[in-house]
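Here is the structure we will look at, set down as structure tokens.
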Amino acid sequence: MAAAALGAAWRALRPASGLLGPRPTQPRDARRRASLLSFWGFVPMRAEPLRKKKKVDPEKDQAAKERLQKRIRRLEKATQELIPVEEFITPVKFLNQARQRPPVQLPFEESERSALLLKKWSLYKQREHELERAAIASLLEAQREAVRELELTLHAEANKRDPGLFP
Amino acid sequence: MAAPTRRTVLGLARCWRRFESPWSLGSRSLTLAAAPSNSASPWRLLGALCLQRPPLVSKQLTPMQEEMAALLQQIEIERSLYSDHELRALDEAEQLAKKKSDLYEEDDEKNILLVQDLEDMWEQKFLQFKPGARITDADVKNDRSSLHRKLDRNLILLVKEKLGDQDIWMLPQAEWQPGETLRQTAERTLATLSENNLEAKFLGNAPCGHYKFKFPQAVRAEGSLGAKIFFFKALLLTGDFSPAVEKGRHVWASKEELGDYLKPKYLAQVRRFLLDL
């Protein structure tokens with residue numbers, strides 16, 4: 001059908017010999033050509049036959065997937081680098097030498113007193129921690145016993161969570 | 001861990017003995033069938049409310065803490081860099097010294113406000129500031145039924161109830177009714193206490209402590225051997241007793257003052273679940 005169309009087109013377009021002489025007049029030919037072109041111009045004569053979707057689609061899909069995989073791999077490599085933390089970089093204005101304090105030499109008594117105070121403080125804090133721990137342990141123990149007593153009298157409500165306490 | 005298990009084993013043994021003794025022929029199936037039904041349980045259940053007013057002000061530092069705070073401040077200043085304010089002060093001191101030595105006017109100071117002036121102004125403001133009083137009127141008068149006392153401590157509500165023929169101080173409680181959870185019993189106690197003036201946030205569904213005691217022989221009716229009180233913690237949000245309520249029936253006590261009111265065994269159990277702060 002395409003070959004027939006092509007043949008008809010060729011016969012139409014070649015200069016009509018005999019009737020009009022060896023050289024046909026331009027306007028008529030142009031008119032014919034224009035009208036012929038306007039008709040045949042719509043039909044894509046030089047196109048290849050339509051390809052079926054099945055052949056190329058899997059190839060295209062695979063190519064797209066591989067591109068994505070490549071991009072993912074590149075991103076993963078990028079995320080392994082450490083992002084600099086803003087707070088660890090000292091601002092430039094604090095590197096000024098003029099800002100340094102002159103080192104203070106404490107008298108001997110002062111340093112003794114502060115050393116003793118630090119030792120006493122560590123002891124005090126340790127005792128405080130022990131007291132706190134004991135208080136929390138007794139709190140938990142009292143609650144555990146109460147819940148056990150409650151279970152003995154067969155109440156199941158105590159173990160449920162209170163949704164009002166969760167944010 | 002050995003002590004609690006022993007206690008629970010004893011408790012269990014006591015309970016089973018209670019169940020078995022009314023039926024001297026005591027077949028296992030009878031006791032097991034009787035246990036779920038509450039009418040046979042000889043323990044009365046009461047839900048009590050441990051209503052706490054959290055502290056409003058931080059505690060004062062002990063002398064040790066004050067010394068340490070001062071030392072830490074000193075160390076921090078020694079190890080720091082000069083701040084902008086201090087640099088400006090140093091510059092101005094230099095300029096002043098130069099001016100005194102040079103004795104001719106340079107271009108008039110761009111900043112009329114010297115650092116010294118600023119510091120003086122701040123000093124003045126600080127001296128004029130009067131912080132609120134830590135010790136309130138109620139502390140001075142030792143009015144224990146007021147809520148506005150001991151602002152840096154936890155306060156717990158105690159009420160005086162008639163039990164038998166005695167007036168006993170205890171945490172507010174109410175009898176458990178079937179069909180409600182014990183926490184709802186505690187909430188009911190709160191509502192009846194103040195006729196819906198007090199608002200509290202309950203800390204969870206589980207009780208924080210319990211106290212059980214047996215009735216004296218005279219009061220013991222059949223089927224009620226004693227009572228178990230389960231305490232539920234709540235934090236006071238807003239509200240207080242209206243002044244119309246008669247004085248002397250309630251008290252807001254801190255942990256040390258509990259000993260003035262509660263019986264020894266009751267007190268021992270209550271102390272376990274109160275943090276000392």
Side-chain angles (χ1 to χ4, degrees), chain A residues 90-91 93-106 110-111 113-125 127-128 130-166, chain B residues 1 3-4 7-8 11-12 15 35-38 41 43 45 62 64-65 67-68 70-72 74-75 77-84 86-87 90-91 176 180-184 201-212 228-233 269-277:
Chain A
T90 41
K93 68 174 184 170
F94 294 136
L95 297 172
N96 189 4
Q97 196 58 24
R99 286 208 187 231
Q100 299 282 352
R101 253 174 234 274
V104 174
Q105 283 290 45
L106 285 174
E110 283 290 319
S111 55
R113 192 183 66 92
S114 52
L116 270 173
L117 183 60
L118 285 169
K119 287 190 188 170
K120 270 193 252 174
W121 177 254
S122 67
L123 200 64
Y124 170 80
K125 267 302 196 185
R127 281 202 198 115
E128 201 182 54
E130 290 295 321
L131 286 172
E132 267 180 28
R133 220 203 290 178
I136 292 174
S138 100
L139 212 74
L140 284 176
E141 190 56 44
Q143 191 176 54
R144 220 177 294 148
E145 279 182 22
V147 171
R148 226 177 290 151
E149 281 286 335
L150 207 53
E151 276 166 15
L152 283 178
T153 50
L154 301 167
H155 283 268
E157 297 297 317
N159 281 329
K160 293 200 188 139
R161 287 185 201 165
D162 179 13
L165 284 179
F166 290 114
Chain B
M1 282 311 288
R7 224 180 296 161
T8 46
L12 267 169
C15 280
S37 70
N38 282 322
S41 156
W43 294 96
L45 292 179
T62 62
M64 163 77 95
Q65 286 174 333
E67 276 183 40
M68 194 61 196
L71 178 66
L72 285 174
Q74 195 189 337
I75 291 175
I77 294 177
E78 281 169 21
R79 291 194 193 172
S80 67
L81 298 172
Y82 281 133
S83 65
D84 290 337
E86 281 180 320
L87 278 180
L90 287 172
D91 284 336
W176 173 79
E180 67 173 2
T181 65
L182 273 166
R183 178 176 154 166
Q184 281 165 358
K201 178 150 182 73
F202 276 83
L203 300 175
N205 279 331
C208 58
H210 74 290
Y211 176 64
K212 58 184 183 185
K228 283 189 195 174
I229 313 179
F230 290 94
F231 301 102
F232 287 83
K233 257 195 193 173
Q269 286 285 70
V270 167
R271 269 225 176 107
R272 287 172 74 202
F273 60 78
L274 289 178
L275 274 181
D276 208 291
L277 260 193

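Model, not experiment: these values are computed from the prediction. Here is how names work: the chains are called A, B, and so on, in the same order as the sequence lines, proteins then strands, and each is numbered from 1.
Between the CG atom of A:Leu150 and the CG atom of B:Leu45 there is a distance of 8.0 Å, given to the nearest 0.5 Å. Here CG of B:Leu71 is found 10.5 Å from CH2 of A:Trp121. Values are rounded to the nearest 0.5 Å. Atom CG of A:Leu118 sits about 6.0 Å away from atom CD1 of B:Ile75, to the nearest 0.5 Å. Rounded to the nearest 0.5 Å, atoms CZ (A:Arg101) and CD1 (B:Ile77) are 7.0 Å apart. B:Ser80 OG to A:Gln100 CD: the interatomic distance, rounded to the nearest 0.5 Å, is 10.0 Å.
Proximity to chain B involves both the backbone and the side chain of A:Lys120, based on heavy atoms less than 4.5 angstrom apart. Looking at B:Phe202, the atoms closer than 4.5 Å to chain A (heavy atoms on both sides) all sit in the backbone: N, CA, C or O. Heavy-atom distances place the side chain of B:Phe230, and not its backbone, under 4.5 Å from chain A. For B:Leu87, the part lying under 4.5 angstrom from a heavy atom of chain A is the side chain only.
With salt bridges taken as basic N to acidic carboxylate O contacts below 4.0 Å, one links B:Arg272 and A:Glu145.
The two atoms that bring B:Cys208 and A:Ala146 nearest to each other are C-CB, 4.4 Å, heavy atoms only. Minimum interatomic distance between A:Phe94 and B:Leu81 (heavy atoms only, all atoms of both residues): O-CD1, 3.6 Å.
Take B:Arg271 and apply the side chain to side chain donor-acceptor pair (under 3.5 Å) test, not counting sequence neighbours, and it matches no residue. Residues meeting the side chain to side chain donor-acceptor pair (under 3.5 Å) test with A:Ser138, sequence neighbours left out: none. Contacts of B:Gln74 classified as side chain to side chain donor-acceptor pair (under 3.5 Å), with partners at least two apart in sequence or in another chain: B:Glu78.
For residues 130-137 of chain A, a heavy-atom distance under 4.5 Å to chain B picks out A:Ala135, given by residue number.
For the options B:Lys201, B:Gln65, B:Met68, B:Met64, heavy-atom pairs under 4.5 Å to chain A are most numerous at B:Met68.
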